[in-house]
2 protein chains.
Amino acid sequence: MVSLREVALRAGVSPSTASIALRGDKRVKTDTRERVIEIAHALGYVPNGSARDLKRKSKQIIGVLLHDLGGPFYSEVLRGIQHRMHDSGFTPIVGCSAPGNHGALTRLLLEQRVDGAIVLDPLVDKEALIRIARRGLPIVVLDREISESGIYSVMANHEQGAYHATQYLLEEGFRSIAFISGPDDSTHSKARLAGFCRALAQTRQRGVCAGIYAGNFTEDSGCEIAYQIMRDQGRHRVDAVFAANDEMALGVMKAFADVGVVIGQEVAVMGFDDILIAQYARPALTTVRQPMYDIGYHAADLICRALVQDRSSLPTEAVVFPMQLVVRESTKKTTFEGGI
Amino acid sequence: MVSLREVALRAGVSPSTASIALRGDKRVKTDTRERVIEIAHALGYVPNGSARDLKRKSKQIIGVLLHDLGGPFYSEVLRGIQHRMHDSGFTPIVGCSAPGNHGALTRLLLEQRVDGAIVLDPLVDKEALIRIARRGLPIVVLDREISESGIYSVMANHEQGAYHATQYLLEEGFRSIAFISGPDDSTHSKARLAGFCRALAQTRQRGVCAGIYAGNFTEDSGCEIAYQIMRDQGRHRVDAVFAANDEMALGVMKAFADVGVVIGQEVAVMGFDDILIAQYARPALTTVRQPMYDIGYHAADLICRALVQDRSSLPTEAVVFPMQLVVRESTKKTTFEGGI
DNA sequence: TAGACTTATCGAATCGTTTCGATAGATTTA
DNA sequence: TAAATCTATCGAAACGATTCGATAAGTCTA
């Protein structure tokens, strides 16, 4: 592998001169500089990243830690990250913190191969992140909150998203709404439930809450609870079911469809997350979406600013983005007909 | 940041002793070794990756270059890669070679931050890859073929996939089949067309080829060509349409549905690729899928072997995986009914 | 107990780049 | 023309870990 030393040797200069010449520094006489650059090019010289990183402070690389690569989620987040970083000289590098893979976190963050990190994986240990931040690496966590100097949070406002979704249901005339929550330890589920309750509390109407059921974010649990709702209240007592995530909402739709209840007309179903399947389900699922692109863009912005500017200008509180209501067929009273 | 020197200092040994002690080397007396390890742990010492990479030959990191992160494709490939690498000590790191982003390729491959690379992006310049391989970095390219020592290809057998799909259509009793190709410069499209032709050539039946139309892989082109097919031949002369990719097949379904032709019953539609939407379309699209997990797993296997074993044991020809026919509703004569 | 081996540790060199202070030589200033 | 100022380049010291060949001890053989 051709090294700077070899380039310098052939150009008849010292490595130090070659080094600054290659950066186009005017301290080197023009013809020397051009000769060095030409020889480097001819030899296909590219500086060794490890050596440079070792010597320099900055690496110009940002680590992005994802749980896996599935879904349009991550792809959108990364688009936002890339757009923000494109002209800033930083390159995002993605590591998968998948099943038991301590590898990427170690290699990228602990072994100091990056200047900063964006972490989108609820399973990455909070204490580990705090320890890393204390070592001086700026971290942006997405969709969770960690209060620690050097760790910045960017997230969607789940409470507000659920609030608006509920308001929409009420405005559309759905009177009696049941809510299916996620597991108890899910802060997202809690926030969504809180938004639902706030919207209901504001309305003057009576009997709008048809019960709060505890699910576990799986399609099966949604399905089971839908049957339970029907048993509990008779199929015409509930106007709408708001599930704390799309998987459960799909389960609910399945259950209703199986007993012949027409979704949209007889009962509305609202999901949360806007997973890809939501738009292909029949009827297409009305749901609430996180602005993933914006979140990625903003996360990248925070990291870049933490590295370039003075960190005191950065927010200490989580940056919260509003969620978007995506209205589809499952909450529309117009008759839904099958087929393409 | 705590360095080896600091650990050594506190343990009262030299950095060299600390270095081997931390690796559990028996050359260091047991109590010294344990003391060093304990101090390193207490100080939160993690070796600096750049320094280690610089000194060592291997980095234990494999670069994975993807075009973007969308779709279940990449996610499946990466699952395969991770499973293969999990116990081998290598960590895959993903770079996006997205729009004009020369960054990831430079940072990972050129600047020698990885031991090997898996490239799944048709747009990464072939010459650039050859140059990198000549510098000694083993590369596995997916879904394309580059003949060069040090570059290994893993791909699906598109010709065979199309052959089987066509055979299936013939077996199901579809007599008159039209084919919609992709753009002329697509080798995939060519291979798929070749498989289609080979299957037709083998059959004794007459008039089975209802024409070959030139599309451009977009849904719109599929739609337009479907109308053209109907104009050309009358809507009952064509039994089936085989599009060289799913997008076009969806366009074809749309066109037929718009004029009231019942897909599956009056005309079968076959796609290629099994993009995610295929299974959610109504009717769900019969298509041909690449075994992405296997491809990823095998790519990782090749890279690991290139780095660990003797390279002469590796295949010089592209490793080709059979494609899988995914039968869904769009080629089934049973009456399709809308609804969930 | 001198010589041969082991054992435990260390010092110095190395990986490839960058950076800082030094040094000639050329040029300007007083 | 001696002193001051540039200009172009170089040498050496980092960065942090690894590695190899010393080097002291301590243990064993004859």
Side-chain angles (χ1 to χ4, degrees), chain A residues 1-37 39-40 43-61 106-107 109-115 135-137, chain B residues 1-37 39-40 43-61 106-107 109-115 135-137:
Chain A
M1 196 68 67
V2 40
S3 70
L4 180 61
R5 204 175 125 273
E6 192 167 335
V7 173
L9 219 61
R10 300 224 192 187
V13 296
S14 73
S16 39
T17 304
S19 177
I20 50 182
L22 284 172
R23 260 168 293 151
D25 196 308
K26 293 286 198 314
R27 278 179 298 173
V28 180
K29 204 170 31 165
T30 309
D31 60 341
T32 313
R33 182 169 7 114
E34 283 169 356
R35 182 161 35 96
V36 171
I37 289 174
I39 289 174
L43 261 51
Y45 168 76
V46 179
N48 179 307
S50 307
R52 170 186 281 172
D53 290 350
L54 179 58
K55 180 63 188 169
R56 282 221 239 245
K57 277 291 167 208
S58 80
K59 296 153 186 66
Q60 303 295 96
I61 296 181
T106 304
R107 291 280 191 282
L109 313 202
L110 286 170
E111 293 182 353
Q112 306 169 56
R113 285 192 172 83
V114 299
D115 290 333
R135 296 164 46 144
L137 194 84
Chain B
M1 196 68 65
V2 39
S3 69
L4 180 62
R5 205 175 124 273
E6 193 166 335
V7 173
L9 219 61
R10 301 224 190 188
V13 297
S14 73
S16 38
T17 304
S19 177
I20 50 183
L22 284 172
R23 261 167 293 151
D25 196 308
K26 294 284 198 314
R27 278 179 298 173
V28 180
K29 204 172 26 168
T30 309
D31 62 340
T32 313
R33 180 165 13 110
E34 282 171 357
R35 182 162 35 95
V36 171
I37 290 174
I39 290 175
L43 261 51
Y45 167 76
V46 179
N48 179 308
S50 307
R52 170 186 280 172
D53 290 351
L54 179 57
K55 179 64 185 168
R56 283 222 240 244
K57 278 290 170 212
S58 81
K59 296 152 186 66
Q60 302 296 95
I61 295 180
T106 305
R107 291 279 190 282
L109 312 201
L110 286 171
E111 292 182 353
Q112 306 170 54
R113 286 192 171 83
V114 299
D115 291 333
R135 294 165 48 145
L137 193 84

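Sequence lines set the chain letters: A, B, ... in the order given, protein chains first and strands last, and positions in each chain run from 1. Everything numeric here is computed off the predicted structure, so don't read it as measured data.
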Which atom pairs, one a donor and one an acceptor, fall under 3.5 Å between side chains of residues 49-59 of chain A and the rest of the protein, sequence neighbours left out?
residue: A:D53; atom: OD1; partner: B:R113; partner atom: NH2; Å: 2.9
residue: A:D53; atom: OD2; partner: B:R113; partner atom: NE; Å: 3.3
residue: A:D53; atom: OD2; partner: B:R113; partner atom: NH2; Å: 2.8
residue: A:S58; atom: OG; partner: A:Q60; partner atom: OE1; Å: 3.2
residue: A:K59; atom: NZ; partner: A:K57; partner atom: O; Å: 3.3

Would you say [N] has OP1 or OP2 under 4.0 Å from some side-chain N or O of [X]?
X: A:R113; N: D:dG16; answer: no
X: A:S50; N: C:dT17; answer: no
X: B:Y45; N: D:dG16; answer: no
X: A:S19; N: C:dT17; answer: no
X: B:T17; N: C:dT9; answer: no
X: B:R5; N: D:dG16; answer: no
X: B:S14; N: C:dC10; answer: yes

Heavy-atom nearest nucleotide on DNA chain C for A:N48 versus B:D31: which residue maps closer to 5'?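 Upstream on the strand: B:D31.
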Closest-nucleotide ordering on DNA chain C, the 5'-leading residue of A:M1 and B:S16: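 Whichever sits nearer the 5' end wins; that is B:S16.
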Taking [atom1] from [X] and [atom2] from [N], how many angstroms apart are they, rounded to a whole number?
X: A:K55; N: C:dT17; atom1: NZ; atom2: P; value: 14 Å
X: B:K29; N: C:dT6; atom1: NZ; atom2: P; value: 19 Å
X: B:R56; N: D:dC15; atom1: CZ; atom2: P; value: 21 Å
X: B:L4; N: D:dT19; atom1: CG; atom2: P; value: 12 Å
X: A:E34; N: D:dA8; atom1: CD; atom2: P; value: 13 Å
X: B:R27; N: D:dG21; atom1: CZ; atom2: C1'; value: 12 Å
X: B:I20; N: C:dT9; atom1: CD1; atom2: P; value: 9 Å
X: B:L54; N: D:dA14; atom1: CG; atom2: P; value: 17 Å

Whether A:R135 side chain and A:L110 backbone form a donor-acceptor pair below 3.5 Å: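 Checked: pair present.
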Which listed nucleotide (D:dA17, D:dT9, C:dT19) is nearest to the side chain of A:T32?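 Nearest to the side-chain atoms of A:T32, counting from C-beta on, is D:dT9.
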Closest listed nucleotide, where the reference is the side chain of B:A51 and the choices are D:dG16, D:dT18, C:dT17: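 Of the options given, the side chain of B:A51 lies nearest D:dG16.
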pair A:T17-A:V36: side-chain heavy atoms closer than 4.5 Å: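 A:T17 vs A:V36: side chains apart.
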With a cut-off of 6.0 Å (strictly less than), are more than 12 heavy atoms of other residues, nucleotides or ligands near CZ of A:R10?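 Counting neighbours around CZ of A:R10, 12 or fewer heavy atoms of other residues, nucleotides or ligands fall under 6.0 Å, so no.
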By the 4.0 Å heavy-atom rule, please label [X] as base, sugar-phosphate, or nothing.
X: B:G49; result: nothing
X: B:R23; result: sugar-phosphate
X: A:S3; result: sugar-phosphate

Under a 4.0 Å threshold between the charged nitrogen and the carboxylate oxygen, would A:D25 count as salt-bridged to A:R27?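 A salt bridge links A:R27 with A:D25.
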Could you report the tightest heavy-atom contact between A:L137 and A:V114, atom names first, then the distance?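 Heavy atoms only, the tightest pair is CD1-O, 3.3 Å.
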Starting at the 5' end of DNA chain D, which residue's closest nucleotide do you reach first, B:V46 or A:A18?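 Closest to the 5' end, via its nearest nucleotide, is A:A18.
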